[in-house]
Amino acid sequence: MRICISNGHLICPDQLLDGQGNLYVANGRIVSAGKQIDSFTADLEIALDGQYVCPGIVDLSVHTREPGFEHKATIRSETEAAVRSGVTSMVCPPNTRPVTDTPAVVELIHQRQSRFDKTRIYPLGALTKGLDGQQLTEVAALRDAGCVGLSNADKPIVDTEVLRRAFEYAAGFDLPVFIHPEDSYLRNQGVMHEGKISTRLGLPGIPETAETIAISRALLLIEQTGVTAHFCRLSCARSVELIGAAKRQGLPVTADVGICYLYLTELDVDGFNSQCRLWPPLRTDRDRQALLDGLMSGVIDAICSDHQPHDEDAKAAPFSSTEPGASTLEVLAPLSFNLAATRGFNPEQIVRALTCRPASIIGLSAGSLASGAPADLFIFDNNQQWTVKAEKLTSAGKNTPFDDWEMVGKVSHTLVGGKLVFQDTN
């Protein structure tokens, strides 16, 4: 199909685009962005009035829950939620059941994704078999099957020697290691940030050192092994400082932040709000400001949804017995663009953190409106106002801390491979 998107505000940091223009698509690829083509005959024209036209979002952390946890969500439900959110490529952690530690599981994920022809899925392979932190996986086989990186997900590798060998092994195959920094001994049985709020609520706390000590250990091993590493979901001011220092030293490291951590703090847990039980935990307002500053300065490379859909029972128990995680795919774009209106970011910085930077982290040819690139893109109406209603989310997970929040801006169209996979009719 030949598509012309006319009179949009094109934003593409990769191509230094930031202004009004037309975009042309043919045979699943971008023909031109920003330059008028008078001879182009379109099968479909999408006429805009200055709405943002951006490369598709590359989300570095989306739990589809399939295979193994289909009672929470499925690839079908979450890819449908993704395209409604402008997410055209998403990275899925390996903590499925069975664990994504063999090519067979990777192939299963790809087969199920191909049935629905929506968002592209890029699995992470497990660093250790069964995520048990002991025996290394067959990295070459996982890479050849299509894994874009390696991770031990939410299961920290306790044995430092095993972690060192895993880094050395991954470095030999030029695959990035995704690190969820946590010292499990310091975390202990904690369920929220350790501080005045946890004390007042009588909840076991997780000190920030559970994160920062794990980062420090990993950075020393990265320096020794030369592995390319990506730190997932920073939550502390001190973590931003450590990553910034490592970058200035020249270590091959990147980092991301989940959208929840740019808006919420430990105060939102008050009243035992289980929708705000996250991992890592929400921390102080000072930490939140440091994360925003880190994103502004480029120490933090990417914003992700850290989308973790749950069934209703997972959040219905007493706070300490609930499962951590939030359903955030459908608020990722509006909350991210809102930072430009409220926190001094410009739209180009936001689009960079959602598209070309995460794409580069996993070595993906995405996040660009370059001529010849796959036509993965979304249109964002930055003036549309709407209210989040948990029960109306497309995701199977209704567990959002943003229920009843007023949003400004909404994804109106999404294209994947030149195919219009979503158009907002509301």
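Residues take their numbers from the sequence shown, with the count starting at 1.
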For this session: Could you walk me through whether R65 and Q308 pass side-chain contact (heavy atoms from CB on, under 4.5 Å), step by step?
Result: CA-CA 8 Å; R65 300 302 191 191; Q308 298 185 42; 3.5 Å; yes

Exercise. Are the charged groups of K419 and D117 less than 4.0 angstrom apart, N to O?
Worked result: yes

Problem set entry | salt bridge (Lys or Arg N to Asp or Glu O under 4.0 Å) between R238 and D287, worked out | CA-CA 8 Å; R238 184 66 177 128; D287 291 310; over 6 Å; no

For this session: Find the distance between CD (E391) and OG1 (T400) and round it off to the nearest 0.5 Å.
Result: 11.5 Å

Problem set entry | salt bridge (Lys or Arg N to Asp or Glu O under 4.0 Å) between D301 and K247, worked out | CA-CA 11 Å; D301 300 86; K247 286 190 168 188; 2.7 Å; yes

Problem set entry | Derivation of the side-chain hydrogen bond (donor to acceptor under 3.5 Å, both in side chains) call for S6 and E45 | CA-CA 7 Å; S6 61; E45 181 170 355; 3.1 Å; yes

Exercise. Can you check whether G409's main-chain N or O pairs, donor with acceptor, with W386's side chain at less than 3.5 Å?
Worked result: yes

Exercise. Can you tell which of L415, V411, I5 makes a side-chain contact (heavy atoms from CB on, under 4.5 Å) with I379?
Worked result: I5

Problem set entry | Atom CG of D43 with >12 non-hydrogen neighbours under 6.0 angstrom | yes

Problem set entry | Nearest heavy-atom neighbours spanning A126 and L142 | O-CD1, 3.8 Å

Problem set entry | Atom pair CZ (F422) and CD (E80), whose distance is rounded to the nearest 0.5 Å | 8.0 Å

For this session: Applying side-chain hydrogen bond (donor to acceptor under 3.5 Å, both in side chains), run through K315 and H310 and close with a yes or a no.
Result: CA-CA 8 Å; K315 292 289 187 178; H310 283 297; 5.2 Å; no

For this session: Hey, can you tell me if H9 and Y52 have their rings parallel, tilted or perpendicular (30° and 60° cut-offs)?
Result: perpendicular

Exercise. Heavy atoms, side chains only, cut-off 4.5 Å: are L339 and Q349 in contact?
Worked result: no

Exercise. Between the side chains of E168 and Q224, does any donor sit under 3.5 Å from an acceptor?
Worked result: no

For this session: Output the distance between atom CG (D256) and atom CG (D306), rounded to the nearest 0.5 Å.
Result: 8.0 Å

Problem set entry | Rounded distance [0.5 Å steps], CZ in F231 versus CD in E211 | 10.0 Å

Exercise. Can you tell me if Q289 and D293 form a side-chain donor-acceptor pair at under 3.5 Å?
Worked result: yes

Problem set entry | side-chain contact (heavy atoms from CB on, under 4.5 Å) between S327 and L393, worked out | CA-CA 9 Å; S327 179; L393 294 177; 4.1 Å; yes

Problem set entry | More than 12 heavy atoms from other groups under 6.0 Å of CD on E312 | no

Exercise. Looking at F69, is R97 sitting on its ring face, NZ or CZ under 6.0 Å from the six-membered ring centre and within 45 degrees of the normal?
Worked result: yes

Problem set entry | Gap between atom OG1 of T414 and atom CG of D424 - 0.5 Å precision | 9.5 Å

Exercise. Considering all heavy atoms of both residues, which atom of P374 and which atom of I30 are nearest to each other, and what is their separation?
Worked result: O-CD1, 4.1 Å

Exercise. After noting the C-alpha distance and the side-chain angles of N22 and Q36, does the key distance pass the side-chain hydrogen bond (donor to acceptor under 3.5 Å, both in side chains) rule?
Worked result: CA-CA 6 Å; N22 295 356; Q36 183 79 21; 3.1 Å; yes

Exercise. Taking the six-membered ring for Trp, are F337 and F380 parallel (under 30°), tilted (30 to 60°) or perpendicular (over 60°)?
Worked result: parallel

Problem set entry | Residues D381 and K410 bridged, charged N to O under 4.0 Å | no

Problem set entry | Contacts of type side-chain contact (heavy atoms from CB on, under 4.5 Å), residue A153, not counting sequence neighbours | P94, N95, L131, S151

For this session: State whether the number of non-hydrogen atoms from other residues, nucleotides or ligands found under 6.0 Å of R2 atom CZ is greater than 12.
Result: yes

For this session: Report yes if the side chains of V62 and V91 come closer than 4.5 Å at any heavy-atom pair, otherwise no.
Result: no

Problem set entry | ring-ring contact (aromatic ring centres under 6.0 Å, His included) involving F178 - partner list, sequence neighbours excluded | H230

Exercise. Within the side chain of T74, is there an N or O that forms a donor-acceptor pair under 3.5 Å with the backbone of E70?
Worked result: no

Seminar exercise, completed: Minimal heavy-atom distance between H110 and G146, with the atoms involved, is CE1-CA, 4.3 Å

Exercise. Taking all non-hydrogen atoms of both residues, which atom of E330 and which atom of A81 are closest, and how far apart?
Worked result: OE2-CB, 3.8 Å

Exercise. Hey, mind stepping through T137 and D101 against side-chain hydrogen bond (donor to acceptor under 3.5 Å, both in side chains) and telling me if it holds?
Worked result: CA-CA 6 Å; T137 55; D101 57 5; over 6 Å; no

For this session: Identify which one of L127, T100, I179 satisfies the side-chain contact (heavy atoms from CB on, under 4.5 Å) criterion when paired with L150.
Result: L127

Exercise. Mind checking whether Y169 and F173 have parallel, tilted or perpendicular rings, split at 30° and 60°?
Worked result: perpendicular

Problem set entry | NZ/NE/NH1/NH2 to OD/OE distance under 4.0 Å, D174 and R143 | no

Exercise. Applying the side chain to side chain donor-acceptor pair (under 3.5 Å) test to R283, which of E194, E208, H193 qualifies?
Worked result: H193

Between side-chain atoms of residues 364-372 and protein atoms elsewhere (two or more places apart, or another chain), which donor-acceptor pairs fall under 3.5 Å?
unit_1 : atom_1 : unit_2 : atom_2 : d
S368   : OG     : D14    : OD2    : 2.6
S368   : OG     : A370   : N      : 3.0
S371   : OG     : V31    : O      : 3.1

For this session: Would you kindly say whether Q275 and D403 are connected by a side-chain donor-acceptor distance under 3.5 Å?
Result: no

Exercise. What are the two closest heavy atoms between I57 and S85, and how far apart are they?
Worked result: CD1-O, 3.6 Å

For this session: Not counting sequence neighbours, which residues clear side-chain contact (heavy atoms from CB on, under 4.5 Å) with L10? List them please.
Result: L23, A33, V53

Exercise. Which residue pairs pass the salt bridge (charged side-chain N to carboxylate O under 4.0 Å, His left out) test when at least one of the two sits in residues 264-278, sequence neighbours left out?
Worked result: R200-D270

For this session: Run the numbers on L108 and R112 for side-chain contact (heavy atoms from CB on, under 4.5 Å), then give the verdict.
Result: CA-CA 6 Å; L108 174 63; R112 294 189 180 179; 3.3 Å; yes

Exercise. Does a donor on one side chain and an acceptor on the other come within less than 3.5 Å for S412 and Q51?
Worked result: no

Exercise. Is there a side-chain contact between I109 and P67 (heavy atoms, below 4.5 Å)?
Worked result: yes

Exercise. Roughly how far apart are L163 CG and T128 OG1, rounded to 0.5 Å?
Worked result: 10.0 Å

Problem set entry | Cation-pi check, R233 onto Y261 ring (under 6.0 Å, within 45° of axis) | no

Seminar exercise, completed: So the ring-ring contact (aromatic ring centres under 6.0 Å, His included) pairs with at least one residue in residues 346-373 (sequence neighbours excluded) are none

Exercise. If every non-hydrogen atom of V177 is compared with every non-hydrogen atom of F167, which pair is closest and at what distance?
Worked result: CG1-CE1, 3.8 Å

